[in-house]
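Numbers for residues simply follow the sequence, beginning at 1.
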Amino acid sequence: MPQTLFPSCMTRGLRVTLVVAPLFMNVVGCDSDRNALVPIQDSGGSIVLPGDIPTDVQEYHYAFNLGTREAHSKLNLNVAPPGGDCVTLHAPTGISDLRWNGAAPVDAEQDGGSLRICGPSLYAGQIILEGRFLVPEQTYDFTPVGFTRTQARDNTVFSYLLGWVEQCDRFGLCDDSPASQARFVLDVTHARGELTLCPGQRTQVSQTHTRCELLQTPAPTYSAFAIASNPGWNRTEWLNVDGTKLIFFETQSGRLARSLSKPEMTDFLRWAKNLLGPLPYGQELRIAGAPTHWLGMEHPANIILRDTLPDLPNREYANMTRHVLMHEIIHQWAGNRITMAHATDFSWKEGIAEYLTYVYELSKWPADAAKTRAHWDRLARTAMYYPGTSDNPVPFLTFAGETYGTGSMIFFVQLEDLLPGGQETIVRAITDFLSGPPRARSVAELQGALEQASGEDLGDYFQAWVYGTGDADWPTFQTDAVRANGELSLTVTQSALQPGKLYPAKVVIRLKGDTQELDVPIDFGLHPTTGTITVSVPFEEDVKSIGVDPENRVVSWNANASLSPLEAPPQHWIF
């Protein structure tokens with residue numbers, strides 16, 4: 001049952017009535033003192049229909065005290081005609097001191113994770129909603145999301161208020177829709193002299209007060225609700241690339257900056273800006289090392305990196321620290337400036353960040369890029385969900401952890417070999433997809449961008465590989481090499497768990513003899529009509545072994561020739 005926080009005439013047994021006559025409409029409400037119905041008008045005299053106002057938060061002003069955990073939220077909402085008298089927001093239980101344009105609301109009802117607040121009716125304009133909340137020191141849903149204090153390097157304490165996808169309402173009044181973008185002002189009270197980070201332009205107001213403002217480019221709530229602090233951090237202006245500053249915040253023994261190459265990061269940042277435009281949240285990018293569970297997180301103008309990245313084995317990526325930092329920098333555009341339309345669009349966000357990092361790796365360190373691609377292939381092969389799943393994964397973390405490889409492989413790497421122009425076409429589609437004003441975009445819109453850039457119809461491809469429910473179904477490629485009349489015929493048949501399903505794909509089959517090796521591309525095309533292809537192969541020797549997809553470019557159930565079947569299961573990182 002909804003919890004009524006404030007009485008209203010409706011809760012006293014009266015009903016708001018709409019009386020309609022042939023030549024006029026009279027909107028009426030209730031007068032609690034006279035127990036009678038009266039017309040509802042806004043302050044300008046306009047007749048207002050009672051009911052819910054669509055949620056359109058333009059700005060958040062969030063004040064948080066790191067010591068006491070007290071939070072004060074102030075939300076500025078747009079109201080479009082014909083207006084109304086109630087707003088519903090996501091909110092935790094325990095919101096106090098509610099205000100509607102500076103006064104107590106007429107009514108407020110808590111129903112699960114939603115709070116419906118009603119006040120004087122308004123035809124058009126703005127409503128400022130306020131509330132206070134004591135943020136608990138806890139995390140949620142198998143994630144580090146929430147507010148935590150953690151022992152860090154050099155016996156310091158790292159404090160972290162971390163939001164995520166559909167999680168900003170853990171900290172107060174919020175629209176936690178992944179598509180929601182707004183402007184932000186964050187005021188943080190902290191211990192004297194403690195270095196504190198928050199998204200946007202950062203100002204040290206006083207020894208105990210840090211302010212951050214995101215007032216130019218709007219940002220999504222999933223990443224903008226973030227405050228990080230450590231009294232042991234030292235600030236180091238590490239790099240200046242054509243006016244863009246990379247500033248590190250690490251404890252005395254921190255090793256992130258020391259493990260990176262300045263020339264390499266200079267070249268990467270120039271490449272990314274030439275491709276995607278100026279950094280969307282200012283020319284200062286702050287990078288902090290902390291004892292986080294995730295490898296990294298892309299807050300606007302801030303990147304929080306796991307401080308043990310230099311110590312992790314380079315099993316998944318050839319250089320863990322460099323790869324994760326480049327990935328998080330790409331997220332400033334892909335995920336923040338352009339964000340998700342829905343939670344399950346998480347796959348394009350991570351797919352683009354990983355793929356563009358890989359494209360740069362491939363241009364500089366081909367062996368490193370090959371290792372990245374092999375890791376993605378292994379992740380995708382065991383994924384439980386399609387990258388455009390219609391399911392509602394619970395917990396969401398299970399879906400999120402599997403999208404890094406699946407999205408990168410299926411949206412981009414596989415398509416390189418199927419589309420005219422290959423990688424150049426894919427990169428052009430991504431830059432088009434990330435262009436334009438800040439907004440939310442979907443997997444379907446990514447498909448449209450790829451079709452526009454390539455001139456190809458990708459309907460069959462996306463239906464086979466991207467969209468689906470339940471366990472992901474990938475193809476298996478069976479091979480058979482037969483020599484007859486001195487000629488070698490290679491037959492490749494794809495099969496799937498779903499009877500009759502055909503996958504658009506171009507897969508390489510590697511034949512090996514005693515001294516000879518040959519790669520044979522088998523192209524089923526974007527609109528396959530058969531699951532079996534036979535080709536004649538100029539191979540003089542007896543075939544000793546046949547490998548499927550040796551360069552890890554197609555997701556399948558086959559054990560790829562470049563991977564050992566005894567390898568440990570892939571590590572699912574979140575970053």
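Between Asn65 and His190, the side chains place no donor N or O within less than 3.5 Å of an acceptor N or O (distance only, hydrogens not considered). Between the side chains of Glu130 and Ser73, not a single donor N or O lies within less than 3.5 Å of an accepting N or O. Using a 3.5 Å distance cut-off with no hydrogens or angles, the side chains of Asp154 and Thr251 do pair a donor with an acceptor. In this model, no donor atom of one side chain and acceptor atom of the other lie less than 3.5 Å apart for His331 and Asn336.
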side-chain hydrogen bond (donor to acceptor under 3.5 Å, both in side chains), that's the test. Do Tyr60 and Asn76 meet it? Break it down for me. CA-CA 7 Å; Tyr60 291 87; Asn76 190 326; over 6 Å; no
Please report the C-alpha distance between Thr55 and Asp175 in whole Å, then the side-chain angles of each, then the deciding distance to 0.1 Å, and finally whether the side-chain hydrogen bond (donor to acceptor under 3.5 Å, both in side chains) criterion is met. CA-CA 8 Å; Thr55 304; Asp175 178 6; 5.4 Å; no
Going through the distances and angles, do Thr372 and Glu361 end up as a side-chain hydrogen bond (donor to acceptor under 3.5 Å, both in side chains)? CA-CA 9 Å; Thr372 294; Glu361 283 179 343; 2.9 Å; yes
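Within the 4.5 Å cutoff, the side chain of Ile330 has heavy atoms near those of the Phe268 side chain.
Ring pair Trp164/Phe346 is perpendicular by interplanar angle, where above 60° counts as perpendicular and below 30° as parallel. Between His323 and Tyr317, the two ring planes are parallel [angle under 30°; tilted spans 30° to 60°]. Ring planes of Phe158 and Trp233: tilted class, angle from 30 to 60°.
Of the options Glu328, His299, Arg286, a side chain to side chain contact (heavy atoms under 4.5 Å, CB included) to Ile304 is made by His299 and by none of the others. For the pairing with Trp376, the ring pair (Phe, Tyr, Trp, His ring centres under 6.0 Å) check across Tyr358, Phe411, Tyr404, Tyr355 returns one residue only, Tyr358.
Sorted by first and then second residue, the pairs that involve residues 333-352 and meet salt bridge (Lys or Arg N to Asp or Glu O under 4.0 Å), not counting sequence neighbours, are Glu298-Lys349. Screening residues 387-409 for salt bridge (Lys or Arg N to Asp or Glu O under 4.0 Å) gives no qualifying pairs among residues at least two apart or on separate chains.
Atom CD of Glu416 sits in a crowded spot, with more than 12 heavy atoms from other residues, nucleotides or ligands closer than 6.0 Å. By the 6.0 Å contact criterion, CD on Gln452 is open, its count of non-hydrogen atoms from other residues, nucleotides or ligands being 12 or less. Around the NE2 atom of His293, the shell of radius 6.0 Å holds no more than 12 heavy atoms that belong to other residues, nucleotides or ligands. More than 12 heavy atoms of other residues, nucleotides or ligands lie within 6.0 Å of CD in Glu137, so this atom counts as buried by the packing criterion. Around atom CD of Gln138, more than 12 heavy atoms belonging to other residues, nucleotides or ligands sit under 6.0 Å away.
Taking the six-membered ring where the residue is Trp, the centroids of Phe171 and Phe147 are separated by 6.0 Å or more.
We find that Lys364 and Asp267 are joined by a salt bridge, their nearest charged nitrogen and carboxylate oxygen being less than 4.0 Å apart. Classification of Asp311 and Arg153 as a salt-bridged pair holds, one side-chain N sitting under 4.0 Å from a carboxylate O. Under the 4.0 Å criterion applied to side-chain N and carboxylate O atoms, Arg116 and Asp52 are assigned as salt-bridge partners. Salt-bridge annotation for Glu194 and Arg192: absent, with no side-chain N of the basic residue lying under 4.0 Å from a carboxylate O of the acidic one. Residues Asp368 and Arg322 are paired through a salt bridge, judged by an N-O separation under 4.0 Å between the basic side chain and the carboxylate.
With hydrogens and angles disregarded, a donor-acceptor distance shorter than 3.5 Å links the side chain of Ser229 to the backbone of Leu195.
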